[in-house]
Amino acid sequence: MSIITTSKITKQFTKVQSGWPNFWSLKKETKTAIEDLNIEIEEGELVGFLGPNGAGKTTFLKILAGIMHPTFGQANILGFVPWERNYEYLRQIAIVMGQKNQLWWDLPAIDSFNMLKEVYEISDQKYRHNLDKMVEVLNMKELLTKRLRNMSLGERMKCELTASFLHDPKVIFLDEPTIGLDIVSAKSIRNFLKDINKTKKCTMILTSHYMGDIEELCKRVIIINHGKKIFDGALEELKNQYAPEKEIVVFLDSLEDKKKFAHLKFPKKLVENKGILKVDKKDLGAVVSEVFDNFKIENVSIADIETEEVITKIFLKTKANPDKIQS
């Protein structure tokens, strides 16, 4: 059952300029951030929402969260129109923005959590259960009495996520939740989101520039560029459609190995002591056979093309053919 549905959502911004030679004349310039965006997301899905900087991702999430009105179009989430900002709707959603704080800068985290308990009218039992769960999963017991201003970025993000899940939202919008975090903190937050999605069955839309987030959390991805949807489907389908290749990496131990690699007849490149082959999947068997004939098996690895490279290919293809948009 779809709990998020949008139809032809469009958002335009009008900028008014004045200048030489007539300072009294006004020039209006309209920019379209989102154009005819249609999506359907079912309950419990964790969907990756991807696009380059300026593609319209954050604008779209703000519309869905009710922060911003669209210029045109309709949306229905949990039976509500988001920008009508019905209190019952706001009690069932949350939004986390990696570059903005929702907690109070000068207060200890626990004071902000207690305040949110009253704002969302959370029962004592639910509040204690949810808070204890977040503290345990995110390993943040020592942060409760610490002021937000004295925390690292990773610590603040843990607190932001805790605040967003205290009231058991049914839908949550995550805009770059791991931006700027170290590997350990990012991994901790990904594990937390995976656990919450599995146990609470809440629906999530996640934007991220880190392909590790998308690959680990999302089975489905929606990609937009210049405000238009260019792909909506399974992550594996994306790879098969735009990168029907495998990457074979050969670790070259000696000059003799490098000479052997140079004589292979397939498209290849050499990066320090690694030889890299990109091979169409239908030719994989023949290529692997020849590689194994020339090199030690333990020196060879075979993997799919990285998702980040696939996404880059899509953006370049869209830039070259802007009218060829895939729904």
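Since this is a predicted model, take the numbers as computed values, not measurements.
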Indicate yes or no: at least one non-hydrogen side-chain atom of Y120 is less than 4.5 angstrom from one of Y127. no

Report, as yes or no, whether the 6.0 Å neighbourhood of atom CZ on R220 holds more than 12 heavy atoms from other residues, nucleotides or ligands. yes

What heavy-atom pair brings A163 and L116 nearest, and what distance separates the two atoms? CB-CD1, 3.5 Å

Could you give the distance from CG (D283) to NZ (K246), rounded to the nearest 0.5 Å? 14.0 Å

Is atom CD of Q125 surrounded by more than 12 heavy atoms (other residues, nucleotides or ligands) closer than 6.0 Å? no

Interatomic distance, F72 atom CZ to I9 atom CD1 [nearest 0.5 angstrom]: 11.5 Å

In plain terms, say whether K57 and D175 are close enough for a salt bridge, that is, a side-chain N and a carboxylate O under 4.0 Å apart. no

What's the spacing between S188 OG and N139 CG if we round to 0.5 Å? 7.0 Å

Check whether N130 reaches the backbone of L166 with its side chain - one donor and one acceptor, N or O, closer than 3.5 Å. yes

Donor-acceptor contact present, side-chain T203 to main-chain G44, <3.5 Å: yes

Where the side chain of E160 meets the backbone of Q102, is there a donor-acceptor pair that is under 3.5 Å apart? yes

Determine whether E88 and R91 satisfy the following criterion, salt bridge (Lys or Arg N to Asp or Glu O under 4.0 Å), listing intermediate values before the conclusion. CA-CA 5 Å; E88 287 304 313; R91 289 182 63 178; 3.8 Å; yes

Full working for side-chain contact (heavy atoms from CB on, under 4.5 Å) between I248 and L284: CA-CA 9 Å; I248 302 175; L284 185 62; 3.9 Å; yes

Quick one: CG on L138 to OG1 on T162, what's the gap to the nearest 0.5 Å? 5.0 Å

Check for me, please, whether L252 and V271 land in the same ILVMFWY cluster - side-chain distances under 4.5 Å, paths through other members count. no

Counting only N and O atoms by type, is there a donor-acceptor contact under 3.5 Å from the side chain of K260 to the main-chain atoms of V291? no

The residue among K187, R190, K194 that forms salt bridge (charged side-chain N to carboxylate O under 4.0 Å, His left out) with D213 is R190

Check whether any side-chain N or O of T6 sits under 3.5 Å from a backbone N or O of I39 as a donor-acceptor pair, and report yes or no. yes

Same cluster for I276 and L264 if Ile/Leu/Val/Met/Phe/Trp/Tyr side chains link at under 4.5 Å? no

Heavy atoms of F295 and F261 approach each other most closely as CZ-N, 3.7 Å

For the residue pair C202 and P169, what are the closest heavy atoms and their distance? CB-O, 3.5 Å

Under 4.5 Å between any side-chain heavy atoms of H226 and T32, yes or no? no

Do Y89 and E84 come close enough that some side-chain heavy atom pair is under 4.5 Å? no

Close side-chain approach of P177 and M157, heavy atoms under 4.5 Å: yes

Evaluate L148 against S112 for side-chain contact (heavy atoms from CB on, under 4.5 Å), listing each step before the verdict. CA-CA 10 Å; L148 202 70; S112 292; over 6 Å; no

Quick one: does any side-chain atom of T71 pair with a main-chain N or O of Q12 as donor and acceptor, under 3.5 Å? yes

So, does N225 use its side chain to make a donor-acceptor pair with the main chain of A55 at under 3.5 Å? no

Any chain of hydrophobic side-chain contacts (each under 4.5 Å) joining L238 to Y210? no

Walk me through it: do F292 and V300 pass the test side-chain contact (heavy atoms from CB on, under 4.5 Å)? CA-CA 8 Å; F292 283 165; V300 179; 3.7 Å; yes

Under a 4.5 Å cut-off applied to non-hydrogen side-chain atoms, are I196 and V137 in contact? no

Is the backbone N or O of D106 less than 3.5 Å from a side-chain atom of R149, with the two atoms forming a donor-acceptor pair by type? no

Classify the angle between the aromatic ring planes of F192 and F165 as parallel (below 30°), tilted (30 to 60°) or perpendicular (above 60°). perpendicular

Is there side-chain contact between L37 and I63, with heavy atoms separated by less than 4.5 Å? no

same_hphob_cluster(V81, I34) at 4.5 Å side-chain heavy-atom cutoff: yes

Looking only at non-hydrogen atoms, find the nearest pair between K268 and A262 and report the distance. CE-O, 3.3 Å

Would you check if the side chain of D257 reaches a backbone N or O of D253 as a donor-acceptor pair within less than 3.5 Å? yes

Start with the C-alpha gap between R128 and D124, add the side-chain angles, then the distance that decides, and say whether salt bridge (Lys or Arg N to Asp or Glu O under 4.0 Å) holds. CA-CA 6 Å; R128 179 48 55 190; D124 292 343; over 6 Å; no

Looking at F13, does the NZ or CZ of K11 lie under 6.0 angstrom from its six-membered ring centre and within 45 degrees of the ring axis? yes

Can T58 and E176 be counted as having a side-chain donor-acceptor contact under 3.5 angstrom? no

Quick test of your reading of the model: are K229 and D36 salt-bridged, counting only N-O distances below 4.0 Å? no

Would you say the side chain of K8 lies within less than 4.5 Å of the side chain of N38, judging by non-hydrogen atoms? yes

Over all heavy atoms of both residues, which pair between K146 and M151 is shortest? Give the atoms and the distance, please. O-CE, 3.2 Å

Mark yes or no for whether D195, through its side chain, and N191, through its backbone, hold a donor-acceptor pair below 3.5 Å. no

Taking a hydrophobic cluster as the set of Ile, Leu, Val, Met, Phe, Trp and Tyr residues connected by side-chain heavy atoms closer than 4.5 Å, whether directly or through intermediates, do M134 and L144 fall within one such cluster? yes

For G48 and C218 the tightest heavy-atom approach is N-SG, 3.4 Å

Identify the residue among T207, L193, L217 that makes a side-chain contact (heavy atoms from CB on, under 4.5 Å) with L174. L193

Look up atom CG in L78 and atom CD1 in I3, then write down how far apart they are to the nearest 0.5 Å. 5.0 Å

Value rounded to 0.5 Å, distance of CD1 in I122 from CG in L131: 9.5 Å

Side chains of K158 and L161: closer than 4.5 Å at any heavy-atom pair? no

